[in-house]
Amino acid sequence: MNSIKENRIFRRAYSKGCKCICGEFVLYCLKNNLNESFLGVTVSKKLGKANIRNKVRRRVKEIIRLNEKNIKSGYFIVVVARTRAVYAEYQLLEKNLLGLLEEAKIII
């Protein structure tokens, strides 16, 4: 899965995409006309120092990487981490993120 690099794609996903919320994440997904999906992970400075933010970002990317075969292609997926994601265990993060993907109907 490729990364979202451009700010305009993030903004379009925020404004026009479908939004799903849980305690640890907010998920935005927007259909694109491409044959592949793109992932963007946002972690605010409010969550902590760089090492903490990077840990959350790495966990989200790993969850997506391990379940990439089950994710439909043709979507922009933006995951925004919330404060509870810093203190949550990996299994809880995985369960909640996969639940959000199922709720958004982009996981098989």
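Predicted, not measured: the structure shown is a model, and the values here were computed from it.
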Side-chain touch Ile4/Leu39, heavy atoms, less than 4.5 angstrom: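 No - every pair of side-chain heavy atoms lies 4.5 Å or more apart.
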Whether Ser37 side chain and Lys72 backbone form a donor-acceptor pair below 3.5 Å: yes
Backbone N/O of Leu47 and side chain of Arg53: donor-acceptor pair under 3.5 Å: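 No: the side chain of Arg53 does not pair with the backbone of Leu47.
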[X] side, atom [atom1]; [Y] side, atom [atom2] - distance, nearest 0.5 Å:
X: Ile71; Y: Ile77; atom1: CD1; atom2: CD1; value: 5.0 Å
X: Glu102; Y: Ile108; atom1: CD; atom2: CD1; value: 11.5 Å
X: Ile9; Y: Ser3; atom1: CD1; atom2: OG; value: 11.0 Å
X: Lys5; Y: Asn7; atom1: NZ; atom2: CG; value: 13.5 Å
X: Cys29; Y: Ile107; atom1: SG; atom2: CD1; value: 11.5 Å
X: Cys20; Y: Ile106; atom1: SG; atom2: CD1; value: 8.0 Å

Residues Val78, Val41; criterion side-chain contact (heavy atoms from CB on, under 4.5 Å); working and verdict: CA-CA 6 Å; Val78 178; Val41 182; over 6 Å; no
Greater than 12 external heavy atoms within 6.0 Å of Lys31's NZ: yes
What about [X] and [Y], same hydrophobic cluster or not, with Ile/Leu/Val/Met/Phe/Trp/Tyr joined at side-chain heavy-atom distances under 4.5 Å?
X: Val86; Y: Leu100; result: yes
X: Ile64; Y: Phe76; result: no
X: Val80; Y: Leu101; result: no

Verdict with reasoning, Leu30 to Tyr14, per side-chain contact (heavy atoms from CB on, under 4.5 Å): CA-CA 9 Å; Leu30 181 66; Tyr14 294 145; over 6 Å; no
Derivation and outcome, side-chain contact (heavy atoms from CB on, under 4.5 Å), residues Val79 and Thr42: CA-CA 6 Å; Val79 179; Thr42 304; over 6 Å; no
With sequence neighbours excluded, what pairs up with [X] under the side-chain contact (heavy atoms from CB on, under 4.5 Å) test?
X: Asn2; value: Glu36, Phe38
X: Glu89; value: Gln91
X: Ile21; value: Lys19, Val26, Arg82
X: Tyr90; value: Arg59, Glu62, Ile63, Leu66, Glu94

Working for side-chain contact (heavy atoms from CB on, under 4.5 Å), residues Val60 and Leu93: CA-CA 8 Å; Val60 170; Leu93 293 177; over 6 Å; no
Residue list, side-chain hydrogen bond (donor to acceptor under 3.5 Å, both in side chains) with Glu24, at least two apart or on another chain: Asn96
Non-hydrogen atoms of Phe25 and Ala85 that approach each other most closely: CE2-CB, 4.3 Å
For Arg57, all residues meeting salt bridge (charged side-chain N to carboxylate O under 4.0 Å, His left out), sequence neighbours excluded: none
